[in-house]
Chemist: 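Below: one structure in structure tokens.
Worth saying up front: this structure is predicted, and the values here are computed from it rather than measured. A note on names: the letters A, B, ... follow the listed sequences, proteins ahead of strands, and every chain is numbered from 1. Basis for what follows: all heavy atoms, side chains included, without hydrogens, waters or symmetry-related copies.
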2 protein chains.
Amino acid sequence: MSSNFSHSEENYIKNIYHLQQSTGFATTNELAAALRSKPASITDMLKKLKAKKLLIYEPYKEFNLSPQGKRIALGIVRRHRLWEYFLVEKLKFGWDEVHEIAEELEHVSNKKLTDQLDQFLNYPRFDPHGDPIPDSNGKMIVQQQMILTELALNAPSQVSSVGSQSSELLELLKHKNITIGTRVEVKKKFSFDRSMELKLNNQVAVNISEQLASVLFVKSV
Amino acid sequence: MSSNFSHSEENYIKNIYHLQQSTGFATTNELAAALRSKPASITDMLKKLKAKKLLIYEPYKEFNLSPQGKRIALGIVRRHRLWEYFLVEKLKFGWDEVHEIAEELEHVSNKKLTDQLDQFLNYPRFDPHGDPIPDSNGKMIVQQQMILTELALNAPSQVSSVGSQSSELLELLKHKNITIGTRVEVKKKFSFDRSMELKLNNQVAVNISEQLASVLFVKSV
DNA sequence: AAATAAATTTAGACAAACCTAAAAAAAATT
DNA sequence: AATTTTTTTTAGGTTTGTCTAAATTTATTT
Ligand SMILES: [Mn+2]
Ligand SMILES: [Mn+2]
Ligand SMILES: [Mn+2]
Ligand SMILES: [Mn+2]
């Protein structure tokens, strides 16, 4: 009755989920890049996941998780984000240190453990990077947010999440004193390099690169 | 510099450690029984652990962990027991439910994670089963304790640990209201079946079987 | 419509971790 | 001391998950 998947299978499932969240579907090459493995390895696993009815896949085509596969993905995402929240809130880790550890903890799958942890943490709805945490039924809040590059001039908004967990990004944000919840207004956009000047928390003015702006999600306030 | 071991290697190392703690050394058959695998598989792994300098082993002989192997074992035991403590104290699990989960969590090996968890828990010195938790240097309290079967009549003592993590044992102890710290005096020993009558917490009288007495460790008070 | 480039799959290997059955060594009995 | 039993190892397989190199399919250009 109770299904059990290997670490490897779970990492594939989760990454397919993230890919199809951002582009609607997943492809062999993109998944290989995400998992830092090779396309041939991906094809092997796609066959296994299809055989287990977790994946909708035909050779040479793009692929998507089946409803069952998506249910499993949401469980993994739930565990990952709950542990990240735990590490930051209870163990006092920085938000740039928790992703790798959660990458391991997410594979300890025991329903009671996850649900008790959730309760212990007081049912947090967002992880330290601003991403929503699925509840025990896989439901989560969908934020309407936009990429900072698309935000209109002088529109009051705040950072709602970041589009990458890389410690390089998080280090840069720490340096610039930008975190989830920081108030942002775009004061000027420079067409030369598409960098922009921001006002942070209605006070400081900073300049950020296009690369940075393109991984910052904001919502209007 | 930083070594990394597979789940399987870690389970072998930890179980060799426990065997040599109780009998001074480990053997192929005993380890196979402990790991619920087959002797041939054990031999395979012994060669690998020897090649990695974690094990002192010659074919057909008993074996022991090298100092390095023991250091690693203590790290695994530390994580296992800290997580058990966390599960009972923070997530409100029963002491009979935590062993299996800790069996997984112990493999998430990140020094900062373990040390921060230790601090968060306030540096507990014993796990829920009364076993000592190694500190970050691998040091732990050695309790002088004896098996209940060897305790003299009317000697005031208390339960200090249990010699098995089986949920069957823990269920029985829960039923008899015996837990770590319970005061115990042996009032009578029956030679017919070597069962014994106990006084618990200076109040209740209960009868326990030899099998049960032989997995209860006590220390005098 | 051909030719070229890119994406994907297949073929064939390999390492890790397990297994069964058979052989060898060590220990216990007679 | 010889025989029997027990313990351990070896030989030879299997599964999972990975890889490289070659082949195939699909997409893009010319
Ligand atoms: Mn992971
Ligand atoms: Mn996150
Ligand atoms: Mn384990
Ligand atoms: Mn324990």
Side-chain angles (χ1 to χ4, degrees), chain A residues 3-17 19-20 22-65 69 72-73 76 103-104 106-109, chain B residues 3-16 19-20 22-65 69 72-73 76 103-104 106-107 109:
Chain A
S3 329
N4 218 13
F5 301 99
S6 69
H7 284 206
S8 192
E9 288 171 327
E10 288 190 347
N11 285 332
Y12 275 80
I13 293 166
K14 191 184 67 170
N15 279 280
I16 294 169
Y17 172 81
L19 283 176
Q20 72 183 35
S22 65
T23 52
F25 55 83
T27 66
T28 302
N29 266 357
E30 280 178 344
L31 187 53
L35 288 168
R36 298 150 166 282
S37 69
K38 297 293 180 289
S41 310
I42 303 298
T43 304
D44 285 349
M45 184 62 94
L46 296 182
K47 290 176 193 165
K48 291 176 199 162
L49 295 178
K50 183 186 180 180
K52 294 189 179 187
K53 311 232 183 250
L54 302 177
L55 192 69
I56 294 160
Y57 162 68
E58 295 303 326
Y60 294 105
K61 299 267 170 61
E62 356 177 288
F63 44 91
N64 281 280
L65 294 173
I72 289 157
I76 303 165
E103 201 59 51
E104 299 303 316
E106 69 188 0
H107 302 293
V108 179
S109 70
Chain B
S3 327
N4 217 13
F5 301 99
S6 71
H7 284 206
S8 193
E9 287 170 328
E10 289 191 344
N11 285 332
Y12 274 80
I13 293 166
K14 191 184 66 169
N15 278 280
I16 294 168
L19 283 177
Q20 74 182 34
S22 63
T23 52
F25 55 83
T27 66
T28 303
N29 267 356
E30 280 177 344
L31 187 52
L35 289 168
R36 297 151 167 285
S37 68
K38 297 293 181 288
S41 309
I42 303 297
T43 305
D44 283 351
M45 184 63 93
L46 295 182
K47 290 177 191 164
K48 289 177 201 163
L49 295 178
K50 183 185 180 180
K52 293 189 179 188
K53 312 234 185 246
L54 302 177
L55 193 67
I56 294 160
Y57 162 68
E58 294 303 327
Y60 294 105
K61 299 267 170 62
E62 347 175 299
F63 44 92
N64 282 278
L65 294 174
I72 289 156
I76 303 166
E103 202 57 50
E104 299 302 316
E106 69 188 1
H107 302 293
S109 68

Chemist: So, OP1 or OP2 of dC18(C): does either fall under 4.0 Å of a side-chain N or O from S8(B)?
Modeler: yes
Chemist: Please report, rounded to the nearest Å, how far the P atom of dT9(C) is from the CG atom of L49(A).
Modeler: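 From L49(A) CG to dT9(C) P: 13 Å.
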Chemist: Distance from T27(B) atom OG1 to F63(B) atom CZ, nearest 0.5 Å?
Modeler: 6.0 Å
Chemist: Whole Å only: how far is the CE atom of M45(B) from the C1' atom of dC19(C)?
Modeler: 14 Å
Chemist: Could you tell me how far apart Y12(B) (OH) and dA17(C) (C1') are, to the nearest whole angstrom?
Modeler: 7 Å
Chemist: Ion pair present between E9(B) and K14(B), side-chain N to carboxylate O less than 4.0 angstrom?
Modeler: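 Between K14(B) and E9(B) there is no salt bridge, as every charged N stays at least 4.0 Å from the carboxylate O atoms.
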Chemist: Between K48(A) and dG17(D), does any side-chain N or O lie under 4.0 Å from OP1 or OP2?
Modeler: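 Yes, within the criterion.
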Chemist: Counting C-beta onward and ignoring hydrogens, is there a side-chain heavy-atom pair between L55(B) and L65(B) closer than 4.5 Å?
Modeler: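 Yes. Closest side-chain heavy atoms under 4.5 Å.
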Chemist: Please determine whether side-chain contact (heavy atoms from CB on, under 4.5 Å) holds for the pair K48(A) and Y12(A), giving the CA-CA distance in whole Å, both sets of side-chain angles, and the decisive distance to 0.1 Å.
Modeler: CA-CA 11 Å; K48(A) 291 176 199 162; Y12(A) 275 80; over 6 Å; no
Chemist: Search all heavy atoms of T28(A) against all heavy atoms of P39(A) and return the closest pair with its distance.
Modeler: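 Between these two residues, the closest heavy atoms are CG2-O, 3.7 Å.
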Chemist: Which nucleotides of nucleotides 4-14 of chain D have their base under 4.0 Å from a protein heavy atom (B), which only their sugar-phosphate (S), and which neither (-), written as one string 5' to 3'?
Modeler: ---SBBB----
Chemist: Keeping S22(A) on the side-chain end and L19(A) on the backbone end, is there a donor-acceptor pair under 3.5 Å?
Modeler: yes
Chemist: Please report, rounded to the nearest Å, how far the P atom of dT15(D) is from the NZ atom of K38(B).
Modeler: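 Roughly 17 Å, once rounded to whole Å.
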